[in-house]
Amino acid sequence: MRIRVHVTPRRGVLDPQGQAVAHGLSNLGFSGLGEVRVGKVVDLELTSESDPEAALATARKMASQLLANEVVEDFSVEVLG
Amino acid sequence: MRIRVHVTPRRGVLDPQGQAVAHGLSNLGFSGLGEVRVGKVVDLELTSESDPEAALATARKMASQLLANEVVEDFSVEVLG
Amino acid sequence: MNPPAAFSADPRQGDPAITDQLIAEHGLTPDEYQKVLGILGRPPTWTELGVFSVMWSEHCSYKTSRRFLKTLPTEGERVLQGPGENAGVVDVGDGLGVCFKMESHNHPSFIEPYQGAATGVGGILRDVFTMNARPIALLNSLRFGTPEHPRTSYLVDGVVDGIAGYGNCMGIPTVGGEIDFNRCYNGNILVNAMAVGIVPADRIFRGIAAGPGNPVLYVGSRTGRDGIHGATMASDSFEEGGEGRRPTVQVGDPYTEKRLLEACMELMQQDAVIAIQDMGAAGLTSSSVEMAGRGGTGLVLHVDRIPRREPGMTPYECLLSESQERMLIVAAAGREHIVEEVFTKWDLEAVVVGEVTDDGCWRILEDGQTVAAIPVLALTDEAPNYDRPREKPADLKQRQTTPELSAHGDCAAVLERLLGSPGIADKRWVYRQYDHMVRLGTLERPGDADAAVLRLPGSKRMLAVCVDGNSVHVKLDPFGGAQGIIAEACRNLACTGAQAIGATDCLNFGNPERPDVMWEFEQAVLGLGEGLRQAHVPIVSGNVSFYNETGEQSIHPTPTIGMVGLIEAGVSPLGMALPSAGSLVLLGSPRPVLGGSAYARVIHDSEQGMPPQVYWSEELALHQLLREAAQRGLLLAAHDLSEGGLATSLAEMLISSRGKASGCQIQVPCPPSAEAVELSLFGETHGCAWVAVEDERRAELLALCQEMQCRATALGSIGGEGLRILDAQGSVVLDRSAESLRKAFEGGFAESIGLSPCPPRV
Amino acid sequence: MRFGIVTFPGSNCDQDAHHVVSHVLGHEARFIWHKETDLEDVDCVILPGGFSYGDYLRCGAIARFSPIMDAVVRFANEGGYVIGICNGFQVLTETGLLPGVLLRNQGLKFICEDTRLVVANGHSPWTVLCPETLVAPIAHAEGCYFASPEVIGQLEEQGRVIFRYASSRGEELAESNPNGSINNIAGIINEAGNVLGMMPHPERNSETALGDASGAAIFRSIIHSFEARA
Ligand SMILES: Nc1ncnc2c1ncn2[C@@H]1O[C@H](COP(=O)(O)OP(=O)(O)O)[C@@H](O)[C@H]1O
Ligand SMILES: [Mg+2]
């Protein structure tokens with residue numbers, strides 16, 4: 001079962017990478033750009049889980065223990081199929 | 001309109017970060033872990049676009065010009081609403 | 001050698017048929033293919049075709065350059081290992097050798113600047129630590145297109161980031177380098193990286209596969225499909241649709257390389273390793289072939305045992321993959337468990353994949369079936385060796401015609417433009433991204449001296465290292481310009497107080513099938529050889545990169561040199577920063593010319609005329625004097641005259657004093673015409689350096705100069721406000737505040753390339 | 001005093017730290033492999049700089065789960081001295097021995113340069129012998145200290161901000177902040193004061209041969225504090 005975990009900077013936390021991307025895009029001539037936030041996506045293959053709920057629960061544990069630092073990051077999990 | 005861009009390492013391209021994460025998770029006692037791939041997620045607010053198709057087209061342009069390096073990365077875009 | 005017919009191999013199911021087109025796609029000429037048939041006595045299998053293709057590529061076989069490289073001096077009392085091994089080694093006393101090499105990663109860096117540059121650093125590091133040398137420093141030489149070219153800022157940013165990303169993570173300081181910009185690199189940048197390491201002189205490990213029956217181990221990262229045909233690509237020009245070759249880019253993993261480094265260093269403490277070599281270009285193939293070639297042995301590899309990253313890889317792919325962070329080891333029979341233990345400790349794989357044999361055959365088995373069997377010598381010594389046609393370029397006369405340059409008229413404005421031009425400007429934007437302090441050895445940091453100076457662990461002596469190149473000078477006068485590079489490198493070392501003891505080269509040229517390019521190549525190599533012989537410096541390692549061109553545009557001939565020097569114990573290495581007071585003495589006899597100078601290029605957009613020539617006896621007298629004076633503690637600062645001439649060098653010394661010196665004043669003995677003044681201030685010359693000396697010791701210095709037959713002229717003093725230059729009559733020809741010069745110098749790099757500037761120094 | 005320097009896979013300033021405490025300062029020191037689990041024989045643990053686990057995912061995030069870290073947490077909770085330098089600081093925040101996180105530098109680039117520190121609290125065990133300002137070589141891409149306003153308030157109130165980036169005259173200016181850290185924070189301690197995390201590398205300026213030796217004051221302080229305590 002493949003699970004996707006999104007890890008994104010929390011509201012209110014500085015995101016210099018997002019700012020740099022916004023800046024880079026506007027340098028390239030893109031306009032009408034609001035906020036840009038840059039996060040991580042982790043795709044996991046969970047070979048031993050076949051139940052989606054159980055797989056999501058495992059992924060959530062992985063995210064809160066390692067993949068995200070909840071002081072500054074939020075995470076969400078989804079089944080990729 | 002909010003757009004999400006995923007930028008992930010291409011198939012076949014080495015993903016040292018994914019390997020390190022897999023190693024870290026197995027150190028933590030998670031088992032049954034197959035491949036792990038780590039990529040970026042960029043959330044963009046496109047203030048001037050209201051048509052989803054046009055917004056996605058713009059995001060695709062942004063991705064291929066700046067957000068992704070297509071030599072080693074693939075990207076996909078979706079509307080976040 | 002056994003008769004060829006003894007070696008048979010079977011095509012695999014699904015192998016493509018060997019057609020003329022397939023042969024051509026592998027870069028083999030019809031003649032070369034005939035040679036393959038003669039060697040094997042049968043058509044090659046697809047796997048074998050791939051192997052011949054990479055081993056006979058320019059990159060691996062040196063088939064064009066070999067006859068010229070032979071003319072370089074490679075011997076000397078200190079040489080412990082000359083060219084031919086993974087890296088060269090020079091004796092530095094105290095039972096230690098310094099091991100170093102430079103290598104290009106030009107094509108990959110143009111395609112993917114971050115990964116190309118990063119894996120260039122990774123590759124050159126492996127060359128050094130594979131010899132049991134602990135890497136202590138990295139340097140690099142970079143060439144980009146014009147600052148305003150639309151891709152330049154992206155490429156500069158990516159290349160610097162890649163070098164930093166790899167070197168910093170490895171914990172090896174990047175201590176020096178050089179960067180220049182020229183339109184000839186718009187479509188083909190150069191990324192040359194150099195690594196320096198320290199090895200116990202009696203424990204140098206080599207890649208000589210000896211002892212039939214000894215096991216061959218594969219260690220490090222797994223093999224993926226990365227960079228297949230990288231070696232042939234490096235031997236190919238960039239065609240306009242060259243982007244189609246993209247999938248060959250390799251991704252570096254410095255974290256794995258760091259563990260590989262530590263594991264190898266730990267393993268080489270023990271008596272388990274017979275031979276070791278990194279897998280660089282042409283990966284498993286070239287490393288195993290070269291080890292067997294040096295050992296005069298054969299080798300059998302079971303390709304099915306190779307650790308892989310992806311399913312379904314063919315022997316062809318496994319053998320030609322250029323996945324990074326891998327090594328091949330020949331262990332002493334019965335001791336392979338030691339290798340396995342050490343690598344397991346570092347979470348790395350070590351797998352026995354074959355053994356050394358005595359039949360001179362390089363044999364590849366897949367599940368017991370022979371898929372390739374080639375005489376080792378056919379891939380090494382018997383590779384093609386070409387004497388390509390050479391012809392003086394038709395426009396050489398015109399290149400060398402002295403340009404008519406009218407005086408600019410405002411020397412201060414000229415100086416500021418030179419200081420702000422990206423080739424001369426402060427490179428802090430670059431080197432602050434490199435960890436240049438880790439390992440606690442950096443005594444002279446980047447930007448502070450003409451060469452980086454390092455502590456030598458295990459010795460009281462110190463090491464000075466630099467890289468140099470000037471492709472405009474070489475373009476205008478290949479023989480003289482190449483000598484100039486040697487002179488400048490030795491001089492940069494001497495300015496810190498060091499004696500040059502060894503060199504490495506990286507020869508970046510255009511298409512060797514063009515007779516004018518070949519002529520430039522020959523002349524440049526002869527010039528390097530002449531310079532090295534004059535200076536008594538041996539070349540112990542090097543690299544050739546041909547086919548640096550896009551469409552019709554060849555790059556300038558760009559040989560770069562990395563040089564290593566020794567500073568004796570007790571000497572304080574010299575930097576270039578002016579002290580707060582003292583006298584300024586110009587050492588040497590300036591013979592300024594404008595041909596190929598920064599002044600001609602930046603102010604007049606001219607790249608024409610004869611560049612400065614080297615007068616070796618004067619040049620060497622200068623170096624000797626600098627060392628002697630440094631040893632006696634006579635000097636407070638030294639900086640050679642190079643790009644931008646006398647005024648630029650002095651301005652750099654003033655700026656790098658960071659306020660310690662408020663200013664300085666010199667009087668230059670030149671006639672009062674504007675042309676003459678600009679020539680003497682900005683013209684370029686070899687054989688000269690500025691030094692600062694305490695007023696009370698000036699006479700002592702001048703006496704020493706006389707004794708050592710080095711011309712010296714006391715031209716001025718430190719103090720006052722800003723830089724003031726007077727002509728022979730005493731009229732002020734240049735007067736600028738230090739602050740204004742500093743601004744031009746510090747802002748110039750990022751500004752001209754359009755990079756975000758770094759904040760001021762604290 | 002006996003120092004223990006933890007080597008994680010990817011640590012690269014472990015040798016440097018060892019050199020300074022043993023050869024420059026003349027104390028005992030040993031390397032502790034990250035798979036060890038015992039700290040009985042050491043008086044101060046150094047978590048050195050480098051790129052543990054390649055700094056992949058987040059700096060220090062994977063190293064935190066190395067076997068030795070349980071022992072380090074216990075050691076710290078029992079009052080043992082622990083200093084995390086650069087990557088070591090990141091490991092300490094990931095472990096929770098120190099609050100907050102170290103984010104990507106505001107300018108996004110890796111920076112290797114001498115900065116200046118002002119000692120914001122000269123009474124901690126790590127700073128008793130420190131002069132008012134120190135030279136401070138930094139070398140990091142993720143050194144921007146961040147924590148919630150409440151945590152920052154607490155740190156400030158309790159005097160747990162030990163070092164701040166400053167000008168050569170000791171002024172805490174925005175221009176002297178190299179990475180965007182809140183309140184120019186360069187180093188903090190835990191409540192008990194026995195655990196220090198700092199981004200600059202004091203081992204890089206502990207010898208005059210390298211241009212400046214003011215960083216050695218931090219090691220001298222902890223040696224002094226240890227001997228005073230004993
Ligand atoms: N690519 C680079 N990497 C690291 N340091 C560099 C690089 N380019 C220049 N430097 C450093 O900047 C300083 C000035 O370089 P350069 O202008 O080439 O000096 P010079 O003309 O005296 O040889 C030197 O200390 C050099 O080592
Ligand atoms: Mg120079």
Side-chain angles (χ1 to χ4, degrees), chain A residues 1-11 15-51 54-55 57-69 73-78 80, chain B residues 1-11 13 15 17-51 54-55 57-69 73-78 80:
Chain A
M1 179 145 295
R2 292 180 56 225
I3 302 286
R4 171 161 278 186
V5 182
H6 282 113
V7 179
T8 46
R10 284 218 165 150
R11 292 236 134 258
D15 177 18
Q17 224 177 332
Q19 286 168 10
V21 169
H23 188 79
L25 287 172
S26 81
N27 274 355
L28 278 174
F30 291 100
S31 59
L33 202 66
E35 203 184 25
V36 179
R37 309 282 285 174
V38 178
K40 277 185 285 243
V41 53
V42 184
D43 290 343
L44 303 159
E45 177 97 44
L46 296 182
T47 51
S48 53
E49 304 280 7
S50 55
D51 170 38
T58 304
R60 257 183 236 111
K61 248 208 256 162
M62 290 174 168
S64 75
Q65 284 186 38
L66 178 69
L67 305 178
N69 181 337
E73 292 169 329
D74 289 320
F75 68 85
S76 64
V77 295
E78 68 190 83
L80 270 186
Chain B
M1 179 145 299
R2 290 180 57 225
I3 302 286
R4 170 162 280 188
V5 183
H6 282 116
V7 180
T8 46
R10 275 204 173 177
R11 280 240 132 258
V13 167
D15 177 19
Q17 185 156 216
Q19 284 181 0
V21 170
H23 189 84
L25 288 171
S26 80
N27 274 357
L28 268 174
F30 291 100
S31 60
L33 202 66
E35 202 184 23
V36 178
R37 310 279 287 175
V38 180
K40 270 188 309 225
V41 52
V42 184
D43 289 345
L44 303 158
E45 176 95 45
L46 295 183
T47 53
S48 54
E49 303 279 6
S50 53
D51 170 37
T58 304
R60 254 181 239 116
K61 251 207 255 166
M62 290 173 167
S64 76
Q65 285 185 38
L66 181 75
L67 307 179
N69 180 347
E73 294 168 327
D74 287 323
F75 68 84
S76 64
V77 297
E78 68 190 83
L80 272 186

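Residue numbering restarts at 1 for every chain, and letters A, B, ... go by the order of the sequence lines. Everything numeric in this text was worked out from a predicted model, so none of it was measured.
A salt bridge is defined here as a Lys NZ or Arg NE, NH1 or NH2 lying under 4.0 Å from an Asp or Glu carboxylate O, and A:D43 with B:R37 fails to meet this definition.
Side-chain atoms of B:E45 and B:I3, non-hydrogen and from C-beta on, never get closer than 4.5 Å to each other. Residues B:L28 and B:H23 have side chains not in contact (no heavy-atom distance under 4.5 Å, counting atoms from C-beta outward).
Closest heavy-atom contact between B:P9 and B:G39: CD-CA, 4.2 Å.
Among A:V36, A:T47, A:V41, the residue making the largest number of heavy-atom pairs under 4.5 Å with chain B is A:V41. Of the listed residues (A:V42, A:T8, A:V7, A:L67), the one with the most heavy-atom contacts under 4.5 Å to chain B is A:V42. With chain B as partner, the option from A:E49, A:Q65, A:H6, A:E35 having the largest number of non-hydrogen pairs under 4.5 angstrom is A:H6.
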